[in-house]
There are 4 protein chains.
Amino acid sequence: MEENQLIKQLIDSGKISDPETPRGRLLVAAAQLFKEKGYNRTTVRDLAAQVGILSGSIFHHFKNKDEILFAVMNEVVIAMDEALKVSLSKANTINDKVRALIANELDFIHGKTSNATYVMVYEWRALSESYQQQIMQGRAGYFELWQSTMDEARREGVIAMEPDCLRQLLHGAIIWTSHWYKSDGKLTIRQLTNRILSLAIKPSSN
Amino acid sequence: MEENQLIKQLIDSGKISDPETPRGRLLVAAAQLFKEKGYNRTTVRDLAAQVGILSGSIFHHFKNKDEILFAVMNEVVIAMDEALKVSLSKANTINDKVRALIANELDFIHGKTSNATYVMVYEWRALSESYQQQIMQGRAGYFELWQSTMDEARREGVIAMEPDCLRQLLHGAIIWTSHWYKSDGKLTIRQLTNRILSLAIKPSSN
Amino acid sequence: MEENQLIKQLIDSGKISDPETPRGRLLVAAAQLFKEKGYNRTTVRDLAAQVGILSGSIFHHFKNKDEILFAVMNEVVIAMDEALKVSLSKANTINDKVRALIANELDFIHGKTSNATYVMVYEWRALSESYQQQIMQGRAGYFELWQSTMDEARREGVIAMEPDCLRQLLHGAIIWTSHWYKSDGKLTIRQLTNRILSLAIKPSSN
Amino acid sequence: MEENQLIKQLIDSGKISDPETPRGRLLVAAAQLFKEKGYNRTTVRDLAAQVGILSGSIFHHFKNKDEILFAVMNEVVIAMDEALKVSLSKANTINDKVRALIANELDFIHGKTSNATYVMVYEWRALSESYQQQIMQGRAGYFELWQSTMDEARREGVIAMEPDCLRQLLHGAIIWTSHWYKSDGKLTIRQLTNRILSLAIKPSSN
DNA sequence: TATGAATGAGTCTTCATTCAT
DNA sequence: TATGAATGAAGACTCATTCAT
């Protein structure tokens, strides 16, 4: 719900597309199809059909197919970054901060933006190089938040490993949950967050 | 080194292709290109050029492009399974066994078969459904080895989480190393193995 | 002339394609090329060139090459059937009815639809099996008209042979005319019709 | 049986290939496959497989695929011509002569050489133009036998039509039997011969 | 003579993109 | 802005033919 608040803000400020607009609908459809079938196996016609328009009309909203993939990823990048900032600002202890890192990423992978988040990771190579660079620049702030939080955790002695290494191991563990975690299974998202947190931080506090 | 021994055995027994043969060379090239550019963006001509033949000749060795992707994945599946069996048979303590699980997977992701292993994970959806099923059948044994080892670890009290959940988290952490770990960086593979092991197992023994 | 009337009706009712539309033009070209060079030796590019479009555009009108062959044949099937119904309805004596059978078929083989009719006979094996079945179903009515007319002729004693056998012999004789009969030669179509009729029916009445 | 006698003579004299030799076996297989699948859809590999050799070996026996088709047709041409000569030489009355024309052709269409005969008619356009001319030259004698016999029949008043026209109509009726006549059906070949003869000749004599 | 891997031109088909309406 | 026919480059795959062994 707070997430929704944030998303509304981002829409209103024009940072991400309103899913009620044609452009927004297209991006939602693209995220879904790119996840299901992969970018290359999704045709522009598929995309158009999914939103009930004809293929030619897509190019009134996006210069080309590549730009659609970019937009899908870019909006996730922006939203993840903003959401993490909010989350971290509410966390007081270092423990809570690390939990915020993990929880935020899990939210994106299993929440409303799951498709786009998945696409960002698994269709990376389908993106043209120049767009890849733009995305990487966009993610810089996000990674710095992770980095500095992990550094802090290291200084406070709650993690037992090089912060950089741990960060990457956690990223991997989290992203991979998209392949096996079912929100209707035994584990709640909150419990899953705790499990991953327990990998990162000595068991004193979970 | 022992790995090489095993691979030779597998080649001799016909389970995987000899990289000296045309078929084997094709598979090596395919793994590399599929990793670099993705399956869809790799053309049959690319593949042929890489091994110095013409595109038509590829179809003397494989029925179609799909079969090449399958073969790349399938040989990894076989080799990973065999290698893990050997590794586990040499491990005495539960600690060593879990380390074997991790070390084996890291070996495949960063060793000679890194390309093919990467392809198996990241080009999964490019594989036709019937081949996906074959691969999944082929991996069943491998996953059982993980599962039973993790179960044992749980019974012996060295892991603090549902074995199934931990298994998946470790898989994710390990696979993701393909994106960031450089063998010529600060961390040796052995050290990386220890780092991951330390996530899994209480710090009494590493 | 009446034939033209009928064809217009069929076009208007959507049963066969208007030769003014792209689809219709393609079908006319296909019939011609398939007759001249055979289905297999006619490339999609040949076809496109003939109607002045590019090869890719063909697939806006037909799913694949096979469907083009089917459409060529199917439109002949429909038109032959309709034309025969009209002809028979105007025939009073049994003699006239048998003449109608023959004349109708000769019209198709030597009239405007000669190419398509030829293709239907001589490219039959090039058609995929499922399409063959559809065509055969479509021809059932036509053959029944022949059959029942021949049966009637037999009952009335004007033919001296098993109706089934005679029907087939006449079909063969008629179809083969596509190889030798020239409308600008010694024989008019009407005379040719009489010749064939004289094979079928005792010379009392022609 | 007499037919077999003749074929042996032709083999011995080198006019047609011995089906025991590789070349002969190839021609038998080619006739069969060309009939079943059509020339274009029959691959050289299919052919090789059918006779138990490998594709490359075919070119020790024939310069190219085209030559195989030519050879199939050419041997039929030769055999039909020789067989007709023999048959005609045994016929005394004009009636018997016309029957010989018909019977001979039916023999080839439904006898041992049925495949090759079928191919000669239905794969004509698949043959290169220069070979077509050779075949047509080879058939000239055969057609002259038909022509002169028909002319004679006309002079004797047993046929009621231009000999040329009747000849073609009979050819068509006869060839078409390949599509419907079954030797295990109601009609024997001899009866079928009579039916066709009755089309040609006034019913005084069958 | 037989082999069979390799050739390379040629086939059908796909699809992102354009553009006149 | 939407349409959808047309584009044309590119793709996977086929196959008659060659040739070193």
Side-chain angles (χ1 to χ4, degrees), chain A residues 21-23 26 39-49 51-69 128, chain B residues 21-23 25-26 39-49 51-69, chain C residues 21-23 25-26 39-49 51-69, chain D residues 21-23 26 39-49 51-69 128:
Chain A
T21 64
R23 182 188 163 92
L26 229 18
Y39 173 77
N40 284 282
R41 285 174 297 282
T42 301
T43 70
V44 168
R45 277 189 156 74
D46 290 339
L47 233 47
V51 296
I53 60 175
L54 286 175
S55 67
S57 309
I58 285 193
F59 298 92
H60 289 287
H61 303 286
F62 296 95
K63 212 167 63 248
N64 51 37
K65 196 185 171 191
D66 207 36
E67 201 190 69
I68 301 177
L69 180 58
S128 71
Chain B
T21 64
R23 182 188 164 93
R25 265 197 300 277
L26 227 19
Y39 173 77
N40 284 284
R41 286 174 299 283
T42 302
T43 70
V44 165
R45 278 191 158 73
D46 291 338
L47 231 47
V51 295
I53 60 176
L54 288 180
S55 67
S57 309
I58 286 193
F59 298 94
H60 277 276
H61 304 287
F62 297 95
K63 222 174 42 256
N64 48 38
K65 197 185 168 192
D66 209 39
E67 202 189 72
I68 302 177
L69 180 58
Chain C
T21 63
R23 182 188 164 93
R25 263 198 302 276
L26 228 18
Y39 173 77
N40 283 284
R41 286 172 299 282
T42 301
T43 71
V44 165
R45 276 189 160 75
D46 291 338
L47 231 46
V51 295
I53 59 176
L54 288 180
S55 68
S57 308
I58 286 192
F59 297 94
H60 276 275
H61 305 287
F62 297 96
K63 224 174 42 257
N64 47 41
K65 195 184 169 191
D66 208 39
E67 202 189 72
I68 301 176
L69 181 57
Chain D
T21 63
R23 182 188 164 92
L26 229 18
Y39 174 75
N40 284 282
R41 286 175 298 281
T42 301
T43 70
V44 168
R45 278 189 154 74
D46 290 340
L47 233 47
V51 296
I53 60 174
L54 285 174
S55 67
S57 309
I58 285 192
F59 298 92
H60 288 286
H61 303 286
F62 297 95
K63 209 168 66 254
N64 50 36
K65 195 184 170 191
D66 207 37
E67 200 189 71
I68 300 176
L69 180 58
S128 70

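Heavy atoms only: backbone and side chains are in, while hydrogens, waters and symmetry mates are out. Worth saying up front: this structure is predicted, and the values here are computed from it rather than measured.
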Whole angstrom value for the distance that separates C1' of E:dA9 from CZ of C:Arg41
18 Å

Cation-pi check, D:Lys65 onto D:Tyr39 ring (under 6.0 Å, within 45° of axis)
yes

Using the side-chain heavy atoms of D:Val44, tell me which of these nucleotides is nearest: F:dG8, E:dA16, F:dT17.
F:dT17

Between F:dA16 (P) and D:Leu69 (CG): distance, integer Å:
13 Å

Applying side chain to side chain donor-acceptor pair (under 3.5 Å) to B:Asn64 and not counting sequence neighbours gives none

Nucleotide F:dA10, atom C1' - distance to CG of B:Asp46 in whole Å:
12 Å

Looking across every strand, which nucleic acid part, if any, lies under 4.0 Å from C:Thr42 by heavy atom: base, sugar-phosphate, or nothing?
sugar-phosphate

Mind listing the residues from residues 55-68 of chain D sitting with a heavy atom below 4.0 Å of DNA chain F? Number order is fine.
D:Gly56, D:Phe59, D:Asn64, D:Lys65

Whichever of B:Arg25 and D:Pro22 has the more 5' nearest nucleotide on DNA chain E, that residue is D:Pro22

Round to the nearest Å and state the distance from C:Leu54 atom CG to E:dT13 atom P.
17 Å

Closest approach of B:Leu47 to B:Ile68 (non-hydrogen atoms, all atoms of both residues):
CD2-CD1, 3.7 Å

Rounding to an integer number of Å, can you tell me how far A:Ile53 CD1 sits from E:dT17 P?
14 Å

What are the two closest non-hydrogen atoms of B:Lys63 and B:Glu67, and how far apart are they?
N-OE1, 3.1 Å

Between D:Asp66 and D:Ser128 the two heavy atoms that sit nearest each other are OD2-OG, 2.8 Å

Residue mapping more 5' on DNA chain E - nearest nucleotide basis, C:Asn40 or A:Asn40:
C:Asn40

Secondary-structure notation, DNA chain E, from Watson-Crick and G-U pairs under 3.5 angstrom (| other strand):
.||||||||||||||||||||

Kindly check if the number of other-residue, nucleotide or ligand heavy atoms within 6.0 Å of CZ (B:Arg45) is above 12?
no

Taking for D:Arg45 and for B:Thr43 the nucleotide of DNA chain F with the nearest heavy atom, the one nearer the 5' end belongs to B:Thr43

Just verifying a value: how many Å separate C:Ile58 CD1 and C:Leu26 CG, rounded to the nearest 0.5 Å?
5.0 Å

Between B:Arg23 and B:His61, which heavy-atom pair has the shortest distance, and what is it?
NH1-O, 3.6 Å

